[in-house]
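Counting convention: from 1, in listed order, for ligands and their atoms alike.
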Amino acid sequence: MKIPFNRPFLTGKETKYIEDAISLGKISGNGVFTKKCQFFFENRYGFKKTLLTTSCTDALEMAAILLNIEQGDEVIVPSYTFVSSALAFARQGAKIIFADSRKDHPGIDENTIESLITTRTKAIVVVHYAGIACDMDIILDVAKKNNIYVVEDAAQAIDSFYKGKPLGSIGDLGTFSFHETKNVISGEGGMLAINNEKFIDRAEIIWEKGTNRSAFFKGEVDKYGWVDTGSSFLPSETIAAFLFAQLENLNAIQEKRIENWKQYYEGLSILKDKIRLPIIPFFATNNAHMFYVVARSEEERNSLIKYLKNKGIHSVFHYLSLHKSPYYLKNNTESYELPRSDHYTDCLVRLPMFYELKSSEIKTIINEVVTFYENRI
Ligand SMILES: *Cc1c(COP(=O)(O)O)cnc(C)c1O
């Protein structure tokens, strides 16, 4: 492919910081670079407490453990999301209740959540699709009224805001990803943001294999041992060192991605009678995680992907409705009608988006998409 869908961006300092971590003589987790990254996030976004993890999936699993999700609990999750948003809760025994997407955006339809709540509902997992905020006031209202926890899957939502509040800082817990396809990366990597203070101490224990090791190193207890459930959720210092090099360049990364996004948006606006461009609601900011368009049919979407592929441009579709996934259908008898989720499954296409994408390449992509549509009715 002449233009790949993604190309991981290296700032240049990653290997230097990894060498620094090695020369410090401690490359297991929770060392100098882990603390630097966590401080960066807490300081910049006001998260009460952050813990780096080896993935967003791990952070979601920590969330499910912290909320004591168990057999018989129900957790509301959008169907149009990545597997992990549901899986982390399903593997704790929860029954997943799927919500549909908004008409104007692939994110959860906030106004349908209330009708999905039962006496067994324990949590709502919202996903800020493409880094665009869900309407959190509606979600928090419903959650408060029904005494339900809110988890923000903010995997795509670094440096994005809802009415001025950083995404991931609004629900009880927020989860982030630093997978190489996200805005800032460490290969595999993630983070749990703990906003509800009552979860902080236990989160540290779950993070460190069910031990109170963190409290021991802070001098709060005189020996440490097995006190709770947990796993080894923390990344090694080499991963944190890589991530820190990225964080030092977060502003530059964001600026360039937003510039790319705007070029796409302006260039493709002439097609707005034929394709749907992304919308940024008044309450949300755009962190340019993704540039997607929505075609009119599955056939049209697939033809566009194929057309671009023939021109050396790698575009991709995205999620497959989870309520129709083989794993869900094998383990559940409920069937759902979630037409909007299915529509995005069939018709959404993501265009190349990465830091080093050149303006001339975006221009080429725009021209090809326009040419494709000129030849269709
Ligand atoms: C990328 C992503 C994940 C998974 O992140 P990992 O770090 O790969 O585990 C989960 N949820 C959403 C919405 C994502 O985009």
Side-chain angles (χ1 to χ4, degrees), residues 5-6 8 29 37 41 50-65 75-91 96 98-99 101-102 105-108 123-134 136 139 150-160 162 167-168 170-171 173-193 207 231-236 239-240 242-243 246-247 257 278 284 286-292 316-323 325 327-328 341 344-345 348 350 353-354:
F5 173 69
N6 180 50
C37 291
F41 287 115
T50 57
L51 294 170
L52 292 191
T53 57
T54 44
S55 64
C56 181
T57 304
D58 266 359
L60 287 161
E61 285 179 11
M62 284 186 71
I65 296 170
V75 176
I76 298 170
V77 182
S79 181
Y80 193 73
T81 182
F82 188 62
V83 172
S84 304
S85 325
L87 171 61
F89 298 87
R91 74 196 289 278
I96 304 298
F98 287 113
S101 297
R102 286 167 64 119
H105 185 263
I108 192 166
I124 307 167
V125 181
V126 299
V127 180
H128 302 298
Y129 186 81
I132 310 301
C134 303
M136 293 305 294
I139 292 159
V150 175
V151 178
E152 296 175 78
D153 181 343
Q156 305 172 6
I158 192 76
D159 208 50
S160 205
Y162 171 75
L167 299 186
I170 303 164
L173 300 165
T175 64
F176 290 89
S177 175
F178 309 119
H179 184 266
E180 73 168 21
T181 51
K182 307 300 202 263
N183 292 27
V184 287
I185 61 175
S186 60
E188 302 282 351
M191 180 173 75
L192 179 68
W207 191 54
S231 190
S232 186
F233 286 117
L234 69 175
S236 81
I239 291 177
F242 191 112
L243 180 63
Q246 297 265 315
L247 297 181
R257 292 184 77 106
N286 174 25
N287 73 345
H289 171 62
M290 184 194 303
F291 195 90
Y292 70 86
V316 293
F317 57 87
H318 209 188
Y319 302 131
L320 308 175
S321 287
L322 293 180
H323 71 280
S325 62
Y327 184 81
Y328 179 79
S341 175
Y344 292 113
T345 297
L348 186 142
R350 295 181 292 158
M353 171 57 88
F354 50 91

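- In this comparison of Thr81, Asp153, Leu87, the heavy atom closest to atom 11 (N) of ligand 1 sits on Asp153.
- Between the side chain of Ser55 and the main chain of Gly189, no donor-acceptor pair closer than 3.5 Å is present.
- Remark: of the listed residues Tyr344, Tyr80, Tyr292, Tyr80 is the sole one forming a ring-ring contact (aromatic ring centres under 6.0 Å, His included) with Tyr319.
- With Thr54 contributing its side chain and Pro235 its backbone, the two residues share no donor-acceptor pair below 3.5 Å.
- Contacts between Tyr319 and ligand 1 below 4.0 angstrom, taking non-hydrogen atoms only, involve the side chain exclusively.
- For ligand 1, the atoms sitting less than 4.0 Å from at least one non-hydrogen atom of Val127 are 13 (C), numbered in the order shown with element in parentheses.
- Residue Thr57 places at least one N or O, backbone or side chain, under 3.5 Å from an N or O of ligand 1.
- Looking only at heavy atoms of the protein, atom 14 (C) of ligand 1 is closest to Ala155 CB, 3.3 Å.
- Ala59 does not count as a contact of ligand 1, since none of its heavy atoms falls under 4.0 Å from the ligand.
- Annotation: atom 4 (C) of ligand 1 to nearest protein heavy atom, Phe82 CD2, 3.7 Å.
- Tested against Ile139, the residues Ile76, Val150, Ile170 include a single side-chain contact (heavy atoms from CB on, under 4.5 Å) partner, Val150.
- Under a 4.0 angstrom heavy-atom cut-off, His128 registers as lying outside contact with ligand 1.
- Atom 1 (C) of ligand 1 has its closest protein heavy atom at Lys182 NZ, 1.8 Å.
- Residues Tyr328 and Phe98 place their aromatic rings such that the two centres sit under 6.0 Å apart.
- Under the 3.5 Å distance criterion, with hydrogens and angles disregarded, a donor-acceptor pair is assigned to the side chains of Tyr129 and His318.
- When only non-hydrogen protein atoms are considered, atom 15 (O) of ligand 1 lies nearest to Gln156 NE2, 2.8 Å.
- Residues passing the side chain to side chain contact (heavy atoms under 4.5 Å, CB included) test with Ala88 are Leu60, Glu61, sequence neighbours excluded.
- For His289, the side-chain hydrogen bond (donor to acceptor under 3.5 Å, both in side chains) partners two or more places apart in sequence, or in a different chain, are Asn183.
- Set against the non-hydrogen atoms of Gly189, the atoms of ligand 1 under 4.0 Å away are 7 (O).
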